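Everything numeric here is computed off the predicted structure, so don't read it as measured data.
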Amino acid sequence: TWPSNITEQNNCLSDADTADLKDNSEIKALYEDNCGGDVTVTSVDAITGDDCGWTVTRTYTIKDACNNTVTPAPIMSVSGSDQTAPALKATVTWPSNITEQNNCLSDADTSDLKDNREIKALYEDNCGGDVTVTSVDEIIGNDCGWVVTRTYTITDACGNDVTNTMSVSGGDQSAPVVTIAEASQIASGSSLCMNTALSLTASANEYVTYTWYEGTDISGTSIHEGATYVPSTALAGTYTYTVQATDSCGNTSTVSYTYTVKRITTGIDTIVACDTYTWIDGITYTSSNNTATYTLTNAAGCDSIVTLH
């Protein structure tokens with residue numbers, strides 16, 4: 001039987017392998033002359049197509065001694081194409097992913113992901129042709145942890161392609177900025193003359209939850225949850241409270257507020273007089289009075305309010 005054609009060879013046109021096409025001696029062995037004479041075989045190859053699809057057709061001319069020729073001339077062919085995707089050049093390595101970026105998702109920085117032009121420079125085609133690169137980004141996650149994955153498709157002139165990815169990942173790693181203010185905007189460290197407790201209010205530059213602690217040690221039991229804390233005591237002494245602010249990604253920061261309470265004192269000055277009298281306020285009284293007051297300064301430097309009786 002006549003040999004079958006050879007198909008689906010994976011080669012560039014310049015590398016077309018015709019080794020399995022029968023040579024003239026092999027074809028001669030297939031024929032005989034009806035007169036018992038010698039048979040001669042010649043052949044010629046014709047090449048059509050390009051790297052993406054080519055055929056080498058070998059046409060055989062078979063004659064006997066009387067120049068009788070087999071018609072139509074028998075043929076055998078080998079066909080193939082470039083079926084190999086582009087590959088990384090031997091001298092390069094694929095770029096590493098970028099991790100631990102400190103950004104919210106909306107601020108994800110993809111500037112260090114390679115662009116199509118840079119990826120193209122890393123690849124070569126086995127047939128020496130041009131390659132093209134396209135890419136698409138996929139974003140997953142949220143502010144606390146996100147990944148931007150860029151998928152590259154590298155394609156040669158024959159449509160053979162390979163895909164590869166590069167990613168950048170990160171999350172919000174920034175602690176909130178938190179402050180504490182007393183209702184009257186009294187600075188931490190102040191000495192206060194008061195008879196009632198302060199109202200301390202924490203605020204931050206982003207949405208957070210607040211946890212309050214007595215003193216500066218936040219490893220113990222908390223005393224309050226919420227932005228505003230009203231200490232339960234107004235006794236004289238020095239007090240420190242610490243608030244820990246925690247954002248939605250678990251980033252925390254703390255700030256402490258210290259103040260010293262000095263007590264306002266009160267007293268009664270009982271005056272017994274049969275006539276008019278002049279009190280410490282410089283006013284001369286002609287009758288009993290138990291509503292007049294006068295403010296002095298006590299030993300703590302706070303008001304000492306004296307009421308006349």
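Taking OH of Y152 as the start and CG of L122 as the end, the distance is 9.5 Å to the nearest 0.5 Å. To the nearest 0.5 Å, atom CD of residue E206 and atom OG of residue S174 are 8.0 Å apart.
Taking 4.5 Å as the limit, some side-chain heavy atom of N251 sits within range of a side-chain heavy atom of P176. Using a 4.5 Å cut-off on side-chain heavy atoms (C-beta onward), L200 and P231 make contact. Proximity of V136 to E138: side-chain heavy atoms (C-beta onward) are nowhere separated by under 4.5 Å. A 4.5 Å side-chain heavy-atom check between V177 and S253 finds every atom pair outside the cut-off. V70 places a side-chain heavy atom less than 4.5 Å from the side chain of Y31. Side-chain contact between T179 and Y257: absent, with no pair of heavy atoms (C-beta onward) separated by less than 4.5 Å. Using a 4.5 Å heavy-atom threshold, the side chains of I271 and D269 count as touching. In this structure the side chain of L308 never reaches within 4.5 angstrom of the side chain of N290, judged on heavy atoms.
Remark: C144 pairs with C249 by the disulfide bond (SG atoms under 2.5 Å apart) rule, at least two apart or across chains.
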Chi angles and distances behind the side-chain contact (heavy atoms from CB on, under 4.5 Å) call for I268, V306: CA-CA 5 Å; I268 297 174; V306 181; over 6 Å; no
Side chain to side chain donor-acceptor pair (under 3.5 Å) between S222 and T211, intermediate numbers included: CA-CA 7 Å; S222 62; T211 305; 5.8 Å; no
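A donor-acceptor contact closer than 3.5 angstrom links the side chains of T240 and T258. Residues T242 and S256 have side chains that bring a donor and an acceptor to within less than 3.5 angstrom of each other. There is no side-chain donor-acceptor pair under 3.5 Å between S77 and T55. Side-chain atoms of D161 and T153 include no donor-acceptor pair closer than 3.5 Å. For the 3.5 Å distance criterion, the side chains of T151 and T165 fail to qualify, holding no donor opposite an acceptor.
Pairs passing the salt bridge (charged side-chain N to carboxylate O under 4.0 Å, His left out) check and including a residue from residues 121-137, sequence neighbours excluded, read K120-D130, D137-R150.
Taking all atoms of both residues into account, the shortest heavy-atom contact from W146 to N103 is NE1-O, 2.9 Å. Considering all non-hydrogen atoms of both residues, W94 and I119 come closest at CH2-CD1, 3.5 Å. When all heavy atoms are compared, the tightest approach of V148 to I139 is CG2-CG1, 4.0 Å. For the pair Q83 and E8, the tightest heavy-atom approach, listed with the atom from each and the gap, is NE2-O, 3.6 Å.
A disulfide bridge does not connect C127 to C158: their SG atoms sit 2.5 Å or farther from one another.
Ring to ring, Y285 and Y277 are close: their centroids are under 6.0 angstrom apart.
Taking the six-membered ring where tryptophan is involved, the planes of W212 and H224 are tilted, since the angle between them lies from 30° to 60°. Using a 30° and 60° split on the angle between ring planes, Y239 and Y241 fall in the parallel class, below 30°.
Applying the 6.0 Å contact sphere to CD of Q101 captures more than 12 heavy atoms from other residues, nucleotides or ligands.
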